[in-house]
Amino acid sequence: MYRTHTCGELRIDNVGTTVTLSGWVQRIRDLGAMTFIDLRDRYGITQLVVDENSDATLSKQLDELGREFVIQATGEVRERSSKNKNISTGDIEITLSKITVLNPSEIPPFTIQDDTDGGDDIRMKYRYLDLRRSAVRKNLELRAKMAHVIRTYLNSKDFIETETPVLIKSTPEGARDFVVPSRMNPGEFYALPQSPQQLKQLLMVAGFDRYYQIVKCFRDEDLRADRQPEFTQIDCEMSFVEQEDVLNTFEGLTRYIFKEVKGIEIDNFPRMLYSDAIEKYGSDKPDIRFEMLINDISSIVKGKDFTIFDSAEYIGAICAKGCADYSRKQLDELTNWVKRPQIGAKGMVYVKYNTDGSFKSSVDKFYSEDDLKEWAEKLDASAGDLILVLSGDKAHTINALGELRLEMGKRLGLKDKNIFKPLWVVDFPLLEWDEEAHRFFAMHHPFTSPKKEDFELLETEPGKVRANAYDLVINGVEIGGGSVRIFNSELQSKMFKLLGFTKEQAEAQFGFLMNAFKYGAPPHAGIAFGFDRLVSLFAGLDSIRDVIAFPKNNAGRDVMNDSPSLISQEQLEELNLKLDLKEKK
RNA sequence: GGUGGCGUAGUUCAGUUGGUUAGAAUAUCGGCCUGUCACGCCGAGGGUCGCGAGUUCGAGUCUCGUCGUCACCGCCA
């Protein structure tokens with residue numbers, strides 16, 4: 001038997017008993033005649049002691065010990081004479097009678113403790129050592145707990161957890177597919193699912209009624225802090241439901257997770273129209289922890305000979321509370337911030353509403369105090385506030401204002417990670433025009449149903465058609481999205497036509513789905529949550545890497561096992577593949 | 001595909017205007033130490049300044065290229 005207890009469970013009540021623990025040597029403190037060892041496992045740390053009363057051979061054994069050795073230690077539990085209130089086992093220690101090295105360790109490349117000295121690179125290369133640190137382990141424990149809570153809720157609501165295949169058919173819409181060559185079918189490829197979308201719809205045709213799956217999905221696109229090439233979704237679909245049923249069910253799930261995992265009760269989630277989200281927040285994933293709404297001030301600023309505004313399609317502003325004392329230097333820095341290529345504003349106009357009630361702006365030459373006062377009223381600004389104005393074409397300017405709003409929210413400390421403000425964004429556009437491809441693309445996916453009242457626009461102004469599509473957004477993070485699906489093969493054909501598919505193409509790509517719809521498809525709708533994002537949000541982290549056991553780096557590489565990697569000529573031949581790599585410069 | 005930051009001891013970093021032998025902390029090793037828990041004290045070892053080219057009497061420092069890494073834009077139904 002390797003252990004009678006874990007390193008996290010012994011308490012004062014255990015004093016006097018003889019126990020055996022196994023774990024890793026966290027640290028050795030040699031005080032000369034006595035030595036302390038911190039023994040660690042995933043449950044905690046227990047202090048071991050060897051003093052002058054101990055066996056002489058024991059002291060000798062201690063000389064051989066080093067950090068991260070795996071040892072088995074037997075001894076008697078006793079009360080500490082000086083206690084440590086910072087750890088749960090701090091009242092007791094083990095007087096060693098026997099120690100066995102189960103496995104020695106080389107000196108680790110970074111120190112394995114909460115305040116590690118290791119940077120990201122080296123911790124990723126030795127991720128298995130990084131995972132020994134409680135800070136990292138706790139993120140994965142949180143993930144496991146959340147998955148458990150989610151299953152409990154969905155099971156209680158009669159959802160059937162169903163696995164769908166990972167080797168599926170490649171589809172042209174959406175993200176790039178990861179593909180897998182088939183040895184038995186030379187020249188042909190499977191794709192890894194970007195989401196089990198069509199499969200779960202087929203489960204609805206099969207009458208499964210309520211399906212869910214916590215499932216890996218794959219997209220061969222560039223990475224970000226919140227995007228990995230393989231990630232996990234809570235994928236769901238329901239039959240005989242309308243949009244409202246889906247929103248209520250998954251609002252219920254989200255609230256249940258908050259309650260069970262964080263002990264937080266959250267009010268009903270507000271609903272916001274997509275068009276309002278864009279107009280007021282400059283984003284389809286608004287962070288509603290703070291206001292600072294975007295205001296269209298085009299109508300009141302034009303006609304004063306300020307040509308930049310007069311020639312702009314759109315002039316918008318936000319009001320930063322209490323920032324009128326910003327220095328010239330701070331304003332210049334902010335101006336440079338919005339002019340960076342990532343934001344792309346041409347410039348920025350500011351208006352200081354000084355605490356004494358006067359105004360000072362960068363456009364005093366064109367606007368009187370009364371003019372500026374009108375701006376302030378429009379923005380609901382008070383003395384002491386700072387108004388920031390951007391202008392240009394509408395789409396870009398609103399987007400830039402949205403970014404500026406988030407930046408100011410950050411600078412003003414309005415993005416409290418302990419506050420959670422979920423909302424539903426609804427009525428997304430059905431289609432998106434792509435200038436390069438010169439055709440419409442489905443904004444969500446091609447199976448999303450248009451709103452009934454917009455049916456007629458499908459023929460006349462497809463770009464204006466709204467969809468029965470919705471997103472769950474929490475603190476400016478897109479947590480999930482879904483839609484009411486098309487379940488009528490005629491309407492589905494119409495959609496494919498609108499997206500520029502010929503009948504033959506649609507048949508080749510999605511024929512199995514359209515065929516299934518001929519045999520009694522029930523009305524259905526669904527949603528998928530980004531599980532990694534949800535966990536990182538709960539953990540207060542900005543990167544989903546921290547809640548994934550073995551994540552990939554910026555370039556999609558796993559630096560621990562150095563993949564992806566070349567495969568042998570034999571493997572290539574078996575797969576009937578010939579590489580024709582473009583020469584690297 | 002693009003923009004920006006970073007790359008110096010095992011690790012995290014400092015390194016002034018381009019100038020003598022590249023430093024600190026931590027880790028490691030050795031010595032001392034009976035209540036530590038970030039133990040303390042004394043000492044030692046440890047460097048291809050990512051790589052390559054260039055400018056210069058002289059480059060960790062400047063220039064160009066390249067590789068790695070991070071953040072972002074494009075991309076992500």
Side-chain angles (χ1 to χ4, degrees), chain A residues 26-39 45-54 63 66-68 78-87 89-90 93 106-126 129 171-177 193-195 197-198 217-229 231 336-337 339-344 396 399-400 403 428-432 434 436 440-448 467 469 478 481-483 495 499 509-510 528 530 542-543 545 553-555 557 559 562 584-585:
Chain A
Q26 170 84 34
R27 171 164 283 164
I28 302 166
R29 290 181 294 279
D30 181 1
L31 274 64
M34 70 190 312
T35 299
F36 299 98
I37 298 168
D38 287 341
L39 190 67
I45 286 177
T46 299
Q47 177 166 281
L48 314 176
V49 194
V50 175
D51 59 23
E52 57 174 359
N53 304 319
S54 304
D63 291 341
R67 278 173 188 265
E68 301 307 318
R78 74 178 184 197
E79 187 172 2
R80 290 201 201 181
S81 60
S82 57
K83 296 178 178 171
N84 184 348
K85 286 178 184 164
N86 297 321
I87 60 173
T89 61
E93 62 195 0
E106 290 190 11
I107 296 158
F110 54 92
T111 57
I112 297 169
Q113 52 200 41
D114 285 0
D115 52 339
T116 182
D117 58 9
D120 290 343
D121 294 12
I122 196 131
R123 291 197 290 115
M124 284 306 162
K125 186 168 177 189
Y126 297 91
L129 297 182
T171 53
E173 290 282 288
R176 277 184 208 96
D177 283 325
Q194 299 173 29
S195 109
Q197 182 61 36
Q198 286 112 287
C217 300
F218 306 85
R219 291 178 190 173
D220 186 8
E221 297 292 345
D222 284 9
L223 288 75
R224 292 285 189 280
D226 63 349
R227 271 163 35 190
Q228 284 271 302
F231 59 101
N336 286 331
W337 189 88
K339 282 164 91 171
R340 289 179 315 143
Q342 279 88 343
I343 308 292
H396 283 108
N399 183 56
E403 296 290 341
F428 277 76
L430 182 69
L431 302 163
E432 221 173 1
D434 185 296
E436 276 177 35
F440 282 109
F441 276 83
M443 193 153 180
H444 188 53
H445 56 54
F447 319 108
T448 298
E478 183 192 330
S483 63
M495 262 302 277
L499 294 171
Q509 296 299 337
F510 306 105
D542 294 321
S543 172
R545 277 173 219 188
N553 78 2
N554 242 8
R557 298 198 69 83
V559 295
D562 196 30
K584 279 193 176 178
K585 286 171 203 167

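Sequence lines set the chain letters: A, B, ... in the order given, protein chains first and strands last, and positions in each chain run from 1.
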Inter-nucleotide P distance (B:rC62, B:rC49), Å rounded: 16 Å
Nucleotide opposite B:rG47 in a Watson-Crick or G-U pair, distances under 3.5 Å: none
Assigned partner base of B:rA24, Watson-Crick or wobble definition, under 3.5 Å: B:rU12
Sugar-phosphate only, base, or nothing, as touched by A:K125 at under 4.0 Å among non-hydrogen atoms: nothing
Side-chain donor or acceptor of A:E432 paired with backbone N/O of A:F441 under 3.5 Å: no
Distance, rounded to the nearest Å, where A:I28 contributes CD1 and B:rG30 contributes P: 11 Å
Short side-chain to backbone donor-acceptor contact, A:R176 and A:E221, under 3.5 Å: no
Closest to the A:I107 side chain, choosing from B:rA27, B:rG35, B:rG10: B:rA27
Any donor-acceptor N/O pair, A:T89 side chain to A:I45 backbone, under 3.5 Å: yes
Sugar-phosphate, base or nothing in reach of A:D51, heavy atoms under 4.0 Å: nothing
Whole-Å distance separating the CG atom of A:D121 from the P atom of B:rC70: 6 Å
Any N/O donor-acceptor pair, A:R219 side-chain to B:rC75 base, under 3.5 Å: no
Distance between P atoms of B:rA25 and B:rG45 (Å, rounded): 15 Å
Nearest listed nucleotide, side chain of A:A555, among B:rU69, B:rC75, B:rG35: B:rU69
Sugar-phosphate, base or nothing in reach of A:M124, heavy atoms under 4.0 Å: nothing
Quiz item: A:D222 side-chain donor-acceptor pair to B:rG74 base, under 3.5 Å: yes
Under 4.0 angstrom between A:R29 side-chain N/O and B:rC39 OP1 or OP2: yes
Side chain A:R78 and base B:rG35 donor-acceptor under 3.5 Å: yes
Counterpart base for B:rU55, defined by Watson-Crick or G-U wobble contacts under 3.5 Å: none
Exercise: identify the closest heavy-atom pair between A:T171 and A:F510: CG2-CE2, 3.8 Å
Between C1' of B:rG35 and CG of A:L48, the distance in whole Å: 15 Å
Side chain A:T116, main chain A:T111, donor-acceptor under 3.5 Å: yes
Modelled atom types, side-chain donor and acceptor of A:H445 and A:E173, under 3.5 Å: no
Phosphate-side-chain proximity, A:R557 and B:rG68, N/O vs OP1/OP2 below 4.0 Å: no
Candidate nucleotides B:rG74, B:rC39, B:rA27, ranked by approach to the side chain of A:R224 - the nearest: B:rG74
Listed nucleotide nearest any side-chain atom of A:R227, set B:rC76, B:rC73, B:rA38: B:rC76
Atom-pair distance (CD on A:Q113; P on B:rC37), nearest Å: 14 Å
Listed nucleotide nearest any side-chain atom of A:S82, set B:rC72, B:rC37, B:rU69: B:rC37
Pairwise 5' ranking along RNA chain B for A:N86 and A:R340, keeping only the more 5' one: A:N86
Rounded P spacing from B:rA53 to B:rU17 in Å: 28 Å
Aromatic-base stack, A:F110 on B:rU11, cutoff 5.5 Å, angle under 30: no
B:rG4 to B:rC76 separation - P atoms, rounded to the nearest Å: 24 Å
Side chain of A:D30 (C-beta onward), nearest among B:rU28, B:rC37, B:rC33: B:rC33
Touch class at under 4.0 angstrom, heavy-atom based, for A:V559 against every strand present: sugar-phosphate
Watson-Crick or G-U counterpart of B:rC6, or none if no pair lies under 3.5 Å: B:rG68
Gap in Å between the two P atoms, one belonging to B:rU16 and one to B:rA59, rounded: 16 Å
base_contact_polar (B:rG10 base, A:E106 side chain, donor-acceptor, <3.5 Å): no
Nearest-nucleotide comparison on RNA chain B, the residue closer to the 5′ end among A:K83 and A:Q194: A:K83
Mate of B:rU17 where both pairing distances stay under 3.5 Å, Watson-Crick or G-U: none
d(CG, A:D115; C1', B:rA25) in whole Å: 13 Å
Minimum-distance nucleotide (side-chain atoms of A:A175 versus B:rA27, B:rC76, B:rC75): B:rC76
Closest nucleotide among B:rC75, B:rU28, B:rU36 to the A:R67 side chain: B:rU28
Distance below 4.0 Å between A:R27 side-chain N/O and B:rU28 OP1 or OP2: no
Touch class at under 4.0 angstrom, heavy-atom based, for A:R123 against every strand present: nothing
Value in whole Å for how far the C1' atom of B:rC32 lies from CE of A:M34: 17 Å
Minimum-distance nucleotide to A:N553 side chain [options: B:rC72, B:rC37, B:rC70]: B:rC70
Distance between P atoms of B:rG58 and B:rG68 (Å, rounded): 32 Å
Nearest-Å distance once atom P is located in both B:rA71 and B:rG19: 34 Å
Base B:rC73 paired with A:Q342 side chain (donor-acceptor, <3.5 Å): no
Residue A:R78 excluded, over 12 heavy atoms near CZ under 6.0 Å: yes
Sugar-phosphate, base or nothing in reach of A:E93, heavy atoms under 4.0 Å: base
A:D222 bridged to A:R227 by N-O distance under 4.0 Å: no
side-chain contact (heavy atoms from CB on, under 4.5 Å) evaluation trace for A:L223 with A:Q228: CA-CA 6 Å; A:L223 288 75; A:Q228 284 271 302; 3.8 Å; yes
Sugar-phosphate only, base, or nothing, as touched by A:T171 at under 4.0 Å among non-hydrogen atoms: nothing
Euclidean distance, atom CG of residue A:D434 to atom C1' of B:rC75 [Å, nearest integer]: 11 Å
A:I122 side-chain proximity, nearest of B:rC70, B:rU11, B:rC39: B:rU11
Inter-nucleotide P distance (B:rG31, B:rC67), Å rounded: 49 Å
Protein-nucleotide distance (A:N554, atom CG; B:rC73, atom P), rounded to Å: 12 Å
A:R29 and A:Q47: side chain donor to acceptor below 3.5 Å: yes
Opposite nucleotide pairing with B:rC39, Watson-Crick or G-U, both atom distances under 3.5 Å: none
